[in-house]
Every structure is written in structure tokens, then in C-alpha cells.
Peer 1: 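Shown below is the structure under consideration.
The figures here come from the full heavy-atom set of this structure, side chains too, leaving out hydrogens, waters and symmetry mates. Here is the naming used below: chain letters follow the sequence lines, and residue numbers restart at 1 for every chain.
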Number of protein chains: 2
Amino acid sequence: MKAAKKKKLEAKGWKVGSAADFLALSPEEAAYIDLKLSLSKRLKEMRTQKKMSQTALAKEIHSSQSRVAKMESGDASVSLDLLIKSLLAVGASNRDLAKAISSGA
Amino acid sequence: MKAAKKKKLEAKGWKVGSAADFLALSPEEAAYIDLKLSLSKRLKEMRTQKKMSQTALAKEIHSSQSRVAKMESGDASVSLDLLIKSLLAVGASNRDLAKAISSGA
DNA sequence: TGACTCCATGTCAAATCTGACATATTATAA
DNA sequence: TTATAATATGTCAGATTTGACATGGAGTCA
């Protein structure tokens with residue numbers, strides 16, 4: 001797990017559109033990254049819709065502002081676990097998650 | 001994250017039907033566990049459909065037989081990350097994941 | 001019976017992720 | 001401009017997860 005991490009980190013720059021292409025990402029890696037970006041985006045949407053600051057959201061999910069920022073920016077250090085737990089904590093249903101996921105890239 | 005872990009471990013017994021009820025799980029916790037169980041189930045389905053052993057699957061995803069077993073049994077020590085990466089590695093599409101997720105519980 | 005395959009479960013060092021903190025950057029308002 | 005809030009980014013000790021290994025149980029076949 002060394003090259004994979006590097007790729008994820010490099011891919012982090014892509015907040016727009018679907019990832020990969022330039023980087024030599026396998027289909028699974030690309031799908032994984034797109035998944036994370038989709039969930040990131042959804043989390044930010046749900047937060048702003050609720051007119052909450054990152055700090056407020058952080059409190060609600062027992063985390064910190066900086067981690068929320070990383071979540072929303074698609075930082076490679078954030079796991080799917082944390083993203084999904086956060087989405088659930090903010091009120092997303094499993095159906096919401098499914099929608100966000102399948103809409104990915 | 002202490003009580004949460006305990007609950008997850010206790011909840012592990014539930015392979016059948018939707019989790020929670022007896023345990024004092026918050027809706028998010030219940031949704032999270034159901035999510036994992038849905039993905040576990042799907043992984044096992046895809047593996048058996050391909051007529052692979054856990055050992056063979058483990059090789060394909062660069063993991064071990066024991067971890068595959070834990071994945072499929074909904075063990076609390078397995079993350080969503082690993083489950084999803086494995087599903088992707090086995091050929092699931094984002095759409096497949098979405099379907100598995102929304103079918104949960 | 002033994003030999004073999006498959007799956008389950010416990011353990012643990014190494015790898016990864018997390019919350020918290022410091023600090024920087026970017027708004028927005030007065 | 002200054003001040004203030006919101007967001008971004010880097011770092012790191014502590015917590016969690018991982019692959020690997022050992023081992024046990026269940027089923028099959030000869």
C-alpha cells in the first residue's frame with residue numbers, strides 16, 4: 001500500500017469532474033476515489049443546506065473543524081467510514097447514501 | 001468511542017434481519033451496522049457466485065482468508081473502507097454498491 | 001480412520017486513521 | 001484599513017484497522 005496512497009494523494013487535487021485519466025488509476029481505484037468525492041460533496045451540501053459552519057458540524061459529530069474541512073475537500077486521510085458515519089449523523093438515510101453513491105462520476 | 005465499539009461487537013451476532021432493537025442503538029448506529037451487513041452479504045454473494053474460496057478472494061484483494069471471513073461475518077473489526085474496496089475489486093460497480101446499500105434492512 | 005478443503009475465531013505488530021491543535025487563507029462587514 | 005468568522009492545511013500522539021499467523025470445527029472423500 002504505497003503506490004496506492006501516493007495516487008490517492010495526487011488525485012486529491014481533482015475536486016471537479018471524475019477523477020483519474022491522467023494518473024494511472026485502476027478502475028477500482030478510480031471508482032473508490034469517485035465514491036469518496038461524491039460523499040464529500042454530499043456532506044458539504046447537507047451542511048450548507050442546514051446553514052451550519054464546519055465547526056458546528058464538527059461538534060455534532062464529535063470531531064473537529066479541521067477534520068470536517070478535510071472530509072469536504074476529499075482529503076486522502078479521510079476514510080469512507082468517517083464520511084458515511086458523518087452523513088448518517090447529519091440525517092442522511094441509507095437511501096440518500098445510495099443516491100449519492102450511484103450519482104458518482 | 002468506547003460504548004459504540006461495544007455495541008458494534010454485541011450487534012455482531014445479528015446476521016439475520018435488521019439489527020438493533022434490543023441494544024440501545026441510535027438510528028445512525030443502526031443504519032451504519034445495517035449498511036455493513038448489507039455489504040458483507042453482497043460480498044459473500046459475489047464470491048460464491050464466482051465459485052471462489054475465501055482464500056482465492058483474499059489473494060485477489062491482497063488480504064488474508066481470515067480477514068475475508070471477518071468481512072463476510074460482519075465482524076466489528078472490519079471497516080466500510082475494506083468492504084467497499086473489496087467489492088470494487090471483485091467487480092462491483094458504484095451502481096451495484098448503491099443497490100446493496102439501499103436494500104439494507 | 002486420516003488427509004484434505006473450506007470457513008471461523010483469536011491474537012498482535014505494523015499500518016492507517018482520527019481528533020486536536022496551530023496556523024494560514026479567504027471572505028464579509030464596519 | 002482592521003476585525004471577525006469561516007474555511008483550509010500541516011502535524012502528531014493516540015486510537016483503530018489490517019494482514020498474517022495459529023488453531024479449531026465442519027464437511028468430503030477414499
Peer 1: Indicate whether any N or O donor in one side chain lies under 3.5 Å from an N or O acceptor in the other, for A:Ser77 and A:Asp75.
Peer 2: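 The answer is yes; a qualifying pair exists.
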Peer 1: Students often get this wrong, so: under 4.0 angstrom with heavy atoms, is B:Val68 touching a base, only sugar-phosphate, or nothing?
Peer 2: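 Result for B:Val68 = nothing.
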Peer 1: Looking at side-chain heavy atoms only, is the closest gap between A:Leu82 and A:Arg67 below 4.5 Å?
Peer 2: yes
Peer 1: To the side chain of B:Ser73, which of D:dT18, C:dT9, D:dT7 is closest?
Peer 2: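 Closest nucleotide among those given: C:dT9.
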Peer 1: How many whole angstroms separate atom CG of A:Leu43 from atom C1' of D:dA8?
Peer 2: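 Value for this atom pair: 15 Å.
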Peer 1: Backbone N or O of A:Met71 within a donor-acceptor pair of the A:Ser40 side chain at under 3.5 Å?
Peer 2: yes
Peer 1: Going by side-chain hydrogen bond (donor to acceptor under 3.5 Å, both in side chains), A:Glu72 matches just one of A:Arg42, A:Arg47, A:Lys41. Which one?
Peer 2: A:Arg47
Peer 1: Could you check which of C:dA20, C:dT18, D:dA6 has an atom nearest any side-chain atom of A:Ser53?
Peer 2: D:dA6
Peer 1: State, yes or no, whether a side-chain contact exists between B:Leu43 and B:Leu57 at a heavy-atom distance under 4.5 Å.
Peer 2: yes
Peer 1: Output the rounded distance in Å from CG (A:Leu82) to C1' (D:dT17).
Peer 2: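 Rounding to the nearest Å, CG of A:Leu82 and C1' of D:dT17 are 14 Å apart.
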Peer 1: Please give, in whole Å, the distance from C:dT26 C1' to A:Gln54 CD?
Peer 2: 12 Å
Peer 1: Whole angstroms only, please: what is the NZ-C1' distance between A:Lys85 and C:dT18?
Peer 2: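 Distance check: A:Lys85 NZ to C:dT18 C1' gives 11 Å.
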Peer 1: Taking atom C1' of D:dA20 as reference, at what distance in whole Å does atom CE of B:Met71 sit?
Peer 2: 13 Å
Peer 1: Can you tabulate the close N/O pairs, meaning under 3.5 Å, that link protein atoms to atoms of nucleotides 10-12 of chain D?
Peer 2:
| residue | atom | partner | partner atom | Å |
| --- | --- | --- | --- | --- |
| D:dG10 | N7 | A:Lys70 | NZ | 3.0 |
| D:dG10 | O6 | A:Lys70 | NZ | 3.3 |

Peer 1: Taking CG from A:Leu57 and C1' from D:dT7, how many angstroms apart are they, rounded to a whole number?
Peer 2: 13 Å
Peer 1: Using every non-hydrogen atom in the two residues, find where A:Asn94 and B:Ile101 come nearest and quote the distance to one decimal.
Peer 2: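 Result for this residue pair: O-CG2, 3.5 Å.
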Peer 1: From NZ of A:Lys44 over to C1' of D:dT7, roughly how many Å is that when rounded to an integer?
Peer 2: 8 Å
Peer 1: Would you indicate, yes or no, if C:dA20 has its OP1 or OP2 atom less than 4.0 angstrom from a side-chain nitrogen or oxygen of A:Gln65?
Peer 2: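 For C:dA20, neither OP1 nor OP2 has a side-chain N or O of A:Gln65 closer than 4.0 Å.
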Peer 1: Out of C:dA8, C:dT18, D:dT18, which nucleotide sits closest to the side chain of B:Ser79?
Peer 2: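 Ranking C:dA8, C:dT18, D:dT18 by closest atom to the B:Ser79 side chain puts D:dT18 first.
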Peer 1: Calculate the interatomic distance between B:Tyr32 atom OH and D:dT16 atom P; express it in whole Å.
Peer 2: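 It is 12 Å, rounded to the nearest whole Å.
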Peer 1: Which part of the nucleic acid, if any, lies within contact of A:Ser64, taking any heavy atom under 4.0 Å across all strands shown: a base, the sugar-phosphate backbone alone, or nothing?
Peer 2: base
Peer 1: According to side chain to side chain contact (heavy atoms under 4.5 Å, CB included), who are the partners of A:Lys59, at least two apart in sequence or on a separate chain?
Peer 2: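 In terms of side chain to side chain contact (heavy atoms under 4.5 Å, CB included), with neighbours along the sequence ignored, A:Lys59 is linked to no residue.
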